[in-house]
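Below: one structure, written as structure tokens.
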Amino acid sequence: MKRKGFFAALLAISTVPMLAFSSYENLTKRVEKGFKIKSGEGRFHGHLKLKGVNANILDVKVSGKDTNGDIAIFEQTSLSQGKGTPLHVHHSQDEIFYILEGAYYFQVGEEKYHMAVGDSIFLPRKVPHAWTQKSEKGKMAVILQPAGKLEDFFVTIAALDHEPSAAEVNRIFEKNDMKVIGPPLQLE
């Protein structure tokens, strides 16, 4: 190999890993300082007042933007007794719910669970699930891993200036990597 060709090849070989490393560094940017979110507040967006599925209020406590998409944590204040989510699937996220106030009814796959304060439930990705609020008021911590697009879903639903139709809700679910596969869970 000629000297000129050798140096060109060497430069190419050494540049590719540096470019890849540079890109990796940009992809793994995340918050480098701790932060506090006060009770009753959200980190971004203020209180998100949901429409369509239920009229609950959602506060982002830890955003996927904080963790490079690794995890997201929300606090949901439930104001829609007898209402909940349609049966749906998250294609790429596991969810964990921890009941802070009130009572809920969950379906995960074929199993159904009555949930009360202090209970938690794990909803694996790709497993159909739904929940319905049993009590007059309730509150849950919701953890998603990885964060996915659920925060975008909530922002979109809250920004609507109308109550969305079922077809519109389905499209918003789809746009955010979820799929509605059945009606809301009815209380037993």
Legend entry - side-chain contact (heavy atoms from CB on, under 4.5 Å) between L160 and I172, intermediate numbers included: CA-CA 11 Å; L160 295 174; I172 296 169; 4.2 Å; yes
Legend entry - Heavy atoms of other groups near K137 NZ, more than 12 under 6.0 Å: no
Legend entry - Qualifying residue, where the test is side-chain hydrogen bond (donor to acceptor under 3.5 Å, both in side chains) with Y105 and the options are E188, Q133, K134: E188
Legend entry - side chain to side chain donor-acceptor pair (under 3.5 Å) partners for E136, two or more places apart: none
Inset, instruction - Heavy atoms only: give me the nearest G102-S135 pair and the separation to one decimal. - result: CA-OG, 3.2 Å
Inset, instruction - Name all pairs fulfilling the salt bridge (Lys or Arg N to Asp or Glu O under 4.0 Å) condition that reach into residues 115-124, sequence neighbours left out, sorted by first residue then second. - result: none
Residues 92-100, side-chain donor-acceptor partners within the protein, below 3.5 Å, at least two apart:
{"residue": "D94", "atom": "OD1", "partner": "R125", "partner atom": "N", "Å": "2.8"}
{"residue": "D94", "atom": "OD1", "partner": "R125", "partner atom": "NE", "Å": "3.2"}
{"residue": "D94", "atom": "OD2", "partner": "R125", "partner atom": "NH2", "Å": "3.2"}
{"residue": "E95", "atom": "OE1", "partner": "H90", "partner atom": "NE2", "Å": "2.9"}
{"residue": "E95", "atom": "OE1", "partner": "H129", "partner atom": "NE2", "Å": "2.8"}

Legend entry - N56 versus L79, closest heavy-atom pair with distance: OD1-N, 2.7 Å
Inset, instruction - Nearest 0.5 Å please: distance from the CZ atom of F173 over to the NE2 atom of H88. - result: 5.0 Å
Legend entry - With sequence neighbours excluded, residues passing ring-ring contact (aromatic ring centres under 6.0 Å, His included) with H91: none
Legend entry - Closest heavy-atom pair and its distance - P128, K126: CD-O, 3.8 Å
Inset, instruction - Show your working on side-chain contact (heavy atoms from CB on, under 4.5 Å) between V127 and V108 and close with a plain yes or no. - result: CA-CA 7 Å; V127 174; V108 185; 4.0 Å; yes
Legend entry - L48 side, atom CG; T156 side, atom OG1 - distance, nearest 0.5 Å: 10.0 Å
Legend entry - Value rounded to 0.5 Å, distance of CD1 in I73 from NZ in K61: 10.5 Å
Without placing hydrogens or testing angles, list every side-chain donor-acceptor pair under 3.5 Å for residues 139-153, not counting sequence neighbours.
{"residue": "E151", "atom": "OE1", "partner": "S63", "partner atom": "OG", "Å": "2.8"}
{"residue": "E151", "atom": "OE2", "partner": "H45", "partner atom": "NE2", "Å": "2.7"}
{"residue": "E151", "atom": "OE2", "partner": "S63", "partner atom": "OG", "Å": "3.4"}

Inset, instruction - Kindly determine whether L87 and V180 satisfy side-chain contact (heavy atoms from CB on, under 4.5 Å), including the steps that lead there. - result: CA-CA 6 Å; L87 188 65; V180 173; over 6 Å; no
Legend entry - Hydrophobic cluster membership, F154 vs V169, 4.5 Å side-chain cutoff: yes
Legend entry - Hydrophobic cluster identity match, F122 and I71, side-chain contacts under 4.5 Å: yes
Legend entry - Evaluation steps, side-chain contact (heavy atoms from CB on, under 4.5 Å), between M115 and I121: CA-CA 8 Å; M115 306 286 293; I121 191 164; 3.6 Å; yes
Inset, instruction - Verify the neighbour count for atom NZ of K49: are there more than 12 heavy atoms of other residues, nucleotides or ligands below 6.0 Å? - result: no
Inset, instruction - May I ask you to decide if E168's main-chain N or O and S165's side chain share a donor-acceptor pair within less than 3.5 Å? - result: yes
Legend entry - D177 side, atom CG; K179 side, atom NZ - distance, nearest 0.5 Å: 12.5 Å
Inset, instruction - May I ask you to check if K65 and F44 form a cation-pi contact, with NZ or CZ under 6.0 angstrom from the six-membered ring centre and within 45° of the axis? - result: yes
Inset, instruction - Provide the closest heavy-atom pair for F106 versus L185 in the form atom of the first, atom of the second, distance. - result: C-CD2, 3.7 Å
Inset, instruction - Scan residues 31-44 for pairs that pass side chain to side chain donor-acceptor pair (under 3.5 Å), counting only residues two or more places apart or in two chains. - result: R43-D66
Legend entry - Main-chain N/O of G40 paired with H47 side-chain donor or acceptor, under 3.5 Å: yes
Legend entry - Joint cluster assignment, I157 & W131, ILVMFWY side-chain distance < 4.5 Å: yes
Inset, instruction - Work out which heavy atom in Y104 is nearest to a heavy atom in G138; give both atom names and the distance. - result: OH-C, 3.1 Å
Inset, instruction - State, with a plain yes or no, whether a side-chain heavy atom of V31 is found less than 4.5 Å away from one of T67. - result: no
Inset, instruction - Specify the closest pair of heavy atoms between Q76 and S78, including all atoms of both residues, with the distance to one decimal. - result: NE2-OG, 3.4 Å
